[in-house]
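One-based numbering along the sequence shown. Only heavy atoms go into these numbers, but all of them, side chains included; no hydrogens, no water, no symmetry mates.
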Amino acid sequence: MTAVTAVTGETEDRRSSGGAGSGSGNASGAQDEPGARGDAAAGAAPGRRGRPGEEARPEDEDPSAGGGERARVDGAEGATDPASRAEGKREGGPEAGAPEEGDGERWDDGLIARRAVDPTDPAGDHGSLVGGEGHVPIGGPYAAPLRGRLDALRELVGLSRTRLDDEALAEAGRVLDEAAARQQLSARHTVVAIAGATGSGKSTLFNALAGVPISETGLRRPTTSAPISLSWSEGAAGLLDRLAIPPRLRRRPLAGGSGDEALQGLVLVDLPDHDSAMTVHREQVDRVLKLVDAVIWVVDPEKYADAALHERYLRPLAGHAEITFVVLNQIDRLPGDAADQVLDDLRRLLDEDGMAVGEHGEPGATVLALSALTGEGVGELRELLGRLVQEKSAAARRVSADIDAATGRLRSMYVADGRPGLSERARDDFTARLANAVGATAVGEEAERRWRRNAGRACGTPWLRLWRWYERVRMPGGGLPQPKQPAEEELTARQRVEQAVRTVADDAAHGLPAPWAQAVREAAVRGAEGLPEELDDLAAELGTPSGRLPRPAWWPAAVFVQVCMTLLQVFGGLWLVGQIIGVLEPGLLPPVLVMLAGIIGGPLVEWACAAAAKGPARRYGQDAERRLREAAAACGRAKVLDPIAAELLRYREVREQYGVVSFRR
């Protein structure tokens, strides 16, 4: 039995009634939506086609029947209980033809009167519009490998937001959005688009697969001006809404046709010509092709090698080979074995496009020849489509191929040449350059000389120190304080620091993709701000050590011996003076020997002290140089090397995520 529903213009919820009707079909299996949607008389079903031998009911002819009512059946209204409907089915009650609740099939368009048809009734009419069916979220989660790739792509985009511009990440973001949108929609349906050039016969093939003339064909070009859908089962409203196909262009094939059982779940979309002279047609093709699960490309013997097809579509979509059908139509026009020759040349062109052809059980595009006009090969295409629909994997394959395409475009932004990073050699070279800029070597040498001078003053003869003082005073400007470091040398030191930063940044960025190399250089430049000033402060603080210089253990003994040598000289001189003036007894040799011992012993002690002071002085200078080097290295590491290392670590993180995304299990 068939339940009749009439709705005037307001969308009504059929959820409580467990199902709803569909608009009646005409003799060809398809009917357009009435022009006046709000008119109850125009919206009412003009008639129905029942089982053989069944007469039309008066309610079907009456436009006012059911106006504003939810449903009207023979002697029963509002029977929504599933048990009641099941009982009605057993007893041939009025609800016997309505789908049970939970089937996910409900009609609430509110535009035209529809009637629910028992899906198990082989004589039921399925040649009606399906535009108003409400969407029930029946999508399921993707498989674990694909879900992992999507999660990794989402994290990859998040980590790259501050390093890559929005334009570079736009395609990846679109893939994530479309994958999420497709996941929320029916997983039981497979959306397949039929695309082709002008005159290729795609609308004829569309009608051949439907079994009824649904899409307009003819010599006028373009014939198809808007996408037309054909759904073999209910529940595809959300998918068609996503494709922006209006309800008036949604069709259903006749029930019981050849291959209908295998094609349950197929949604076929006839697209306008991709080479149409009208821009809006090409835009519609490009838009829909990004959203469908699979594509049938229809080519003809004259334009199968068209550059517009290969360069604009097949070559960019080479990674979508597993969900691509390439159909050579109109083989009835080719004599003898010409069809096989054209088919081989088509496979060659696809191979040049980079699209793998699925042969000998290998994954790839399906290539076959047929004639939509005579029906030759259409059955084979039906069988292949049925197999694709029953596998229910085309949507996941499409998402996976989209991810591959997005990661392919991003490859140059994530994959480096070689093994980038900061090597120990680069770090040591940077430290050495900073030490050179801060004058660590000169500071060490100056500290060593200072230690030696201190030792010389402590252990040297007083006469030699007096002579050296006289030399300094006698030289012009010798007694004045030394001027500060010239400005030219300060500029040279700043330039050395900048050169050191540029060198280490270039070394770290070598081999990195351009965005990350730029990020490394920018991090180094930002960190280097104020680095010369801090190095100057370190040089001023550690370059001239303050306080008393350290003395070795032998130092007091050497000073005591030098004092003794001086006393011997003084004692010998006084002894001689005393003999000269007659105070002491004459005797030249003893005082002379005493004086010679002091005179010779003083320089000897000074020389010995200078020789002994070389080691401690060198170690003191090395310590001063090491302290300044370490301080400069720590400053450079904190301000330059650590930011560079952080950028390299971030790159390694996104590189790992990119590896997860690009790895297709």
Side-chain angles (χ1 to χ4, degrees), residues 139-185 187 191 242 289-295 313-324 353-356 362-365 391-421 509 511-520 645-665:
Y142 294 119
L146 180 56
R147 195 164 60 245
R149 295 185 71 193
L150 287 171
D151 293 340
L153 180 60
R154 189 174 296 105
E155 186 172 354
L156 177 68
V157 172
L159 290 173
S160 306
R161 286 293 185 192
T162 57
R163 298 298 178 267
L164 305 182
D165 53 23
D166 294 338
E167 184 178 354
L169 298 173
E171 180 63 17
R174 187 195 69 80
V175 170
L176 290 173
D177 294 340
E178 296 301 341
R182 182 63 180 90
Q183 184 182 9
Q184 299 300 319
L185 301 175
V191 184
R242 181 169 175 249
L289 286 179
K290 294 179 180 179
L291 304 177
V292 296
D293 301 330
V295 183
Y313 294 104
L314 295 181
R315 194 168 299 168
L317 295 176
H320 297 68
E322 293 186 19
I323 55 170
T324 301
D353 292 335
M355 179 172 289
E362 298 178 356
E391 289 176 355
K392 296 182 175 62
S393 61
R397 292 182 184 179
R398 172 61 194 256
V399 173
S400 182
D402 287 343
I403 294 176
D404 291 340
T407 53
R409 295 187 183 96
L410 294 174
R411 178 178 177 82
S412 61
M413 300 182 183
Y414 291 106
V415 179
D417 298 331
R419 298 176 61 87
L512 282 175
W516 302 98
Q518 181 65 23
V520 167
E647 289 297 331
L648 293 175
L649 179 61
R650 179 184 289 270
Y651 168 72
R652 283 193 290 270
E653 291 178 356
V654 300
R655 182 63 182 87
E656 291 175 0
Q657 292 299 324
Y658 180 81
V660 174
V661 175
S662 59
F663 178 67
R664 186 173 184 178
R665 299 173 178 85

Over all atoms of both residues, closest heavy-atom pair of [X] and [Y]:
X      : Y      : result
Val157 : Ala172 : CG2-CB, 3.8 Å
Ala152 : Val660 : CB-CG1, 3.5 Å
Val292 : Leu289 : CG2-O, 3.9 Å
Trp516 : Leu164 : NE1-CD2, 4.5 Å
Ala405 : His320 : CB-CE1, 4.2 Å
Leu159 : Gln657 : CD1-CG, 4.3 Å

For this session: Answer yes or no: is there a donor N or O on one side and an acceptor on the other, between the side chain of Tyr142 and the main chain of Ala179, under 3.5 Å?
Result: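 A pair under 3.5 Å: yes.
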
For Val654 and Met413: C-alpha separation, side-chain torsions, deciding distance, then whether side chain to side chain contact (heavy atoms under 4.5 Å, CB included) applies. CA-CA 10 Å; Val654 300; Met413 300 182 183; over 6 Å; no

In the structure I gave you, are the side-chain heavy atoms of Val520 and Leu512 within less than 4.5 Å of one another anywhere?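 Heavy-atom side-chain distance check passes, below 4.5 Å.
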
Open item on the list: Tyr658: which residues meet the ring pair (Phe, Tyr, Trp, His ring centres under 6.0 Å) condition with it, sequence neighbours left out?
Closed with: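 Per chain and number, Tyr658 pairs via ring pair (Phe, Tyr, Trp, His ring centres under 6.0 Å) with Tyr414.
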
> Is there a side chain to side chain contact (heavy atoms under 4.5 Å, CB included) between Arg242 and Glu178 once you walk through the steps?
Replying inline: CA-CA 10 Å; Arg242 181 169 175 249; Glu178 296 301 341; 2.7 Å; yes

[X] [atom1] to [Y] [atom2] distance, which is reported to the nearest 0.5 Å:
X      : Y      : atom1 : atom2 : answer
Arg655 : Leu648 : CZ    : CG    : 14.5 Å
Glu647 : Gln518 : CD    : CD    : 11.0 Å
Asp166 : Ser160 : CG    : OG    : 11.5 Å
Asp293 : Leu185 : CG    : CG    : 9.5 Å
Arg315 : Met355 : CZ    : CE    : 11.0 Å
Leu156 : Thr407 : CG    : OG1   : 9.5 Å

Q. Is any side-chain N of the basic residue among Arg154 and Asp151 closer than 4.0 Å to the acidic one's carboxylate O?
A.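 Counted as a salt bridge, because a side-chain N and a carboxylate O are separated by less than 4.0 Å.
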
TODO: Inspect the contact between Arg650 and Glu653 and indicate whether a charged nitrogen and a carboxylate oxygen are less than 4.0 angstrom apart.
DONE: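 Salt bridge: no.
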
### Task
Taking atom CZ of Arg147 as the centre, report whether more than 12 heavy atoms of other residues, nucleotides or ligands fall under 6.0 Å from it.
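Yes - once you tally the heavy atoms of other residues, nucleotides and ligands closer than 6.0 Å, there are more than 12.
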
**Request:** Evaluate the criterion side chain to side chain contact (heavy atoms under 4.5 Å, CB included) for residue pair Ile403 and Leu146; output intermediate values, then yes/no.
**Result:** CA-CA 9 Å; Ile403 294 176; Leu146 180 56; 3.8 Å; yes

| request: Carefully, step by step, assess Arg182 and Arg398 under the rule side chain to side chain contact (heavy atoms under 4.5 Å, CB included). | output: CA-CA 10 Å; Arg182 182 63 180 90; Arg398 172 61 194 256; over 6 Å; no

With side-chain contact (heavy atoms from CB on, under 4.5 Å) as the test, pick out the partner of Leu176 among Asp402, Leu169, Leu150.
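Result for side-chain contact (heavy atoms from CB on, under 4.5 Å) with Leu176: Leu150.
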
